[in-house]
Amino acid sequence: MQEQREHILIERLKEVVRTGRHETGEEIWHRQRNVPPVTIEALAQAEIQLGFALPSFLRRVYLEVGNGGFGPGYGLFSLNNHDSTSVKRDTSLVANYQGMKSMSQKDIDEFWADEEDKPALWPDGVLILCDWGCNIYSCLDCFSENLPIFRMDSNESFAEWAIEASSLQQWLEMWVEGKPLFHLDWRRATRVSVAHLRNTL
């Protein structure tokens with residue numbers, strides 16, 4: 001059942017990428033990009049750089065649908081900057097993760113020295129999937145069994161993230177079906193502490 005559901009979603013995503021057409025209930029941030037999928041070698045290299053294996057469904061998205069450029073917000077980030085087919089050369093899943101993980105507590109304290117609300121150390125296994133603009137991002141927790149999607153909105157809080165979807169699959173299904181994802185009600189949403197993310201799921 002789960003395998004069939006994944007297969008159907010992969011095929012629907014391929015169709016959106018192939019045709020460039022997508023029904024949506026919110027403002028369109030970008031046109032869908034038809035970027036070729038990554039190779040198994042490129043994916044393996046990215047996993048080495050990340051230090052962990054990607055969830056199987058996310059692997060299928062990059063291996064079968066395309067190397068970013070489609071999906072919510074400004075589209076999924078490309079897998080890796082080293083891939084010549086990347087939609088954007090200055091950012092990727094790998095580059096974003098390495099950049100966030102490179103910040104120490106000292107770096108955070110110094111950079112946000114005048115702020116009461118400061119970011120927490122970046123959690124292991126959390127990837128920034130897409131950018132909505134205005135310092136708002138959707139993030140995937142690769143180390144949680146259900147693969148929840150979190151809304152990181154620094155306009156609201158550095159210390160907390162809101163649950164945007166219960167799983168990566170649900171999130172992409174909602175997008176394919178044209179359901180609005182951007183206007184999340186932060187005050188009504190279920191929120192989690194970033195500092196204790198591993199302990200709250």
Student: Considering only Ile, Leu, Val, Met, Phe, Trp and Tyr, and joining two whenever side-chain heavy atoms are under 4.5 Å apart, list the other residues clustered with Ile8.
Tutor: none

Student: Arg21: what forms a salt bridge (charged side-chain N to carboxylate O under 4.0 Å, His left out) with it, not counting sequence neighbours?
Tutor: none

Student: Passes side-chain contact (heavy atoms from CB on, under 4.5 Å), Leu63 versus Val38? Steps please.
Tutor: CA-CA 5 Å; Leu63 286 170; Val38 301; 4.0 Å; yes

Student: One pair to check against side-chain contact (heavy atoms from CB on, under 4.5 Å): Ile136 and Phe182. What are the steps and the verdict?
Tutor: CA-CA 9 Å; Ile136 302 171; Phe182 178 67; 3.9 Å; yes

Student: Give a yes or no on this: more than 12 heavy atoms of other residues, nucleotides or ligands lie within 6.0 Å of atom CD of Gln2.
Tutor: yes

Student: Per the salt bridge (Lys or Arg N to Asp or Glu O under 4.0 Å) rule, what does the pair list look like for residues 48-59, sequence neighbours excluded?
Tutor: Glu47-Arg59

Student: So, applying ring-ring contact (aromatic ring centres under 6.0 Å, His included) with Trp161, which one of Trp122, Trp186, Tyr137 is it?
Tutor: Trp122

Student: Please report the shortest heavy-atom distance between Ala95 and Ser92, naming the atom on each side.
Tutor: N-OG, 3.0 Å

Student: Nearest heavy-atom pair of Leu93 and Tyr62: which atoms, and what distance?
Tutor: CD1-OH, 3.5 Å

Student: Please find the pair of heavy atoms, one from Gly75 and one from Cys130, that lie closest to each other, and give the distance.
Tutor: O-CB, 3.4 Å

Student: With distance as the sole test, does Asp107 use its side chain to make a donor-acceptor pair with the main-chain N or O of Ser104 at under 3.5 Å?
Tutor: yes

Student: Is there a side-chain contact between Glu164 and Leu184 in this structure, where contact means two heavy atoms from C-beta onward sitting under 4.5 Å apart?
Tutor: yes

Student: Looking just at side-chain N and O atoms, do Asn80 and Gln49 make a donor-acceptor pair shorter than 3.5 Å?
Tutor: yes

Student: Which heavy atom of Ile128 sits nearest a heavy atom of Met100, and at what distance?
Tutor: CD1-CG, 4.1 Å

Student: Restricting to side chain to side chain contact (heavy atoms under 4.5 Å, CB included), what partner residues turn up for Ile108, sequence neighbours left out?
Tutor: Met103, Gln105, Trp112, Lys118, Pro119, Leu121

Student: Tell me, which pairs form a salt bridge (Lys or Arg N to Asp or Glu O under 4.0 Å) where one or both residues lie in residues 64-78, sequence neighbours left out?
Tutor: Arg60-Glu64

Student: Using a 4.5 Å cut-off on heavy atoms from C-beta on, say whether the side chain of Leu181 contacts that of Trp132.
Tutor: yes

Student: So do the side chains of Leu140 and Trp171 get within less than 4.5 Å of each other, counting heavy atoms only?
Tutor: no

Student: Do you know the tightest heavy-atom contact between Ser167 and Ile149?
Tutor: O-CG1, 3.9 Å

Student: What verdict does the side-chain contact (heavy atoms from CB on, under 4.5 Å) test give for Leu54 and Leu127, after you've listed the backbone C-alpha separation in whole Å, the side-chain angles of each residue and the deciding distance to 0.1 Å?
Tutor: CA-CA 10 Å; Leu54 295 179; Leu127 298 176; 3.6 Å; yes

Student: Would Glu15 and Arg12 satisfy salt bridge (charged side-chain N to carboxylate O under 4.0 Å, His left out), going step by step from the backbone distance to the final call?
Tutor: CA-CA 5 Å; Glu15 181 68 10; Arg12 294 177 73 186; over 6 Å; no

Student: Could you tell me whether Arg5 and Glu173 have a side-chain N and a carboxylate O separated by less than 4.0 Å?
Tutor: yes

Student: So, Asp131 side chain and Gly73 main chain: donor-acceptor pair closer than 3.5 Å or not?
Tutor: no

Student: Taking all atoms of both residues into account, what is the closest heavy-atom pair of Met152 and Cys139, and its distance?
Tutor: CB-SG, 4.0 Å

Student: Verify, without hydrogens or angle tests, whether Asn155 (side chain) and Cys134 (backbone) share a donor-acceptor contact under 3.5 angstrom.
Tutor: yes

Student: State, yes or no, whether a side-chain contact exists between Leu129 and Phe77 at a heavy-atom distance under 4.5 Å.
Tutor: no

Student: Please tell me whether Asn96 and Thr91 have a donor and an acceptor in their side chains that are separated by less than 3.5 angstrom.
Tutor: yes

Student: Hey, are the side chains of Phe70 and Val61 touching, using non-hydrogen atoms and a 4.5 Å cut-off?
Tutor: yes

Student: Would you call Phe150 and Val126 a side-chain contact if the rule is heavy atoms closer than 4.5 Å?
Tutor: no

Student: Roughly how far, to the nearest 0.5 Å, is CG of Leu168 from SG of Cys142?
Tutor: 8.5 Å

Student: Could you tell me the separation between the CG atom of Leu197 and the CD atom of Glu160, rounded to the nearest 0.5 Å?
Tutor: 12.0 Å

Student: If you group Ile, Leu, Val, Met, Phe, Trp and Tyr whenever their side-chain heavy atoms sit less than 4.5 Å apart, what else falls in with Ile48?
Tutor: none

Student: Classify the ring geometry between Phe52 and Tyr97 as parallel (under 30°), tilted (30 to 60°) or perpendicular (over 60°).
Tutor: perpendicular

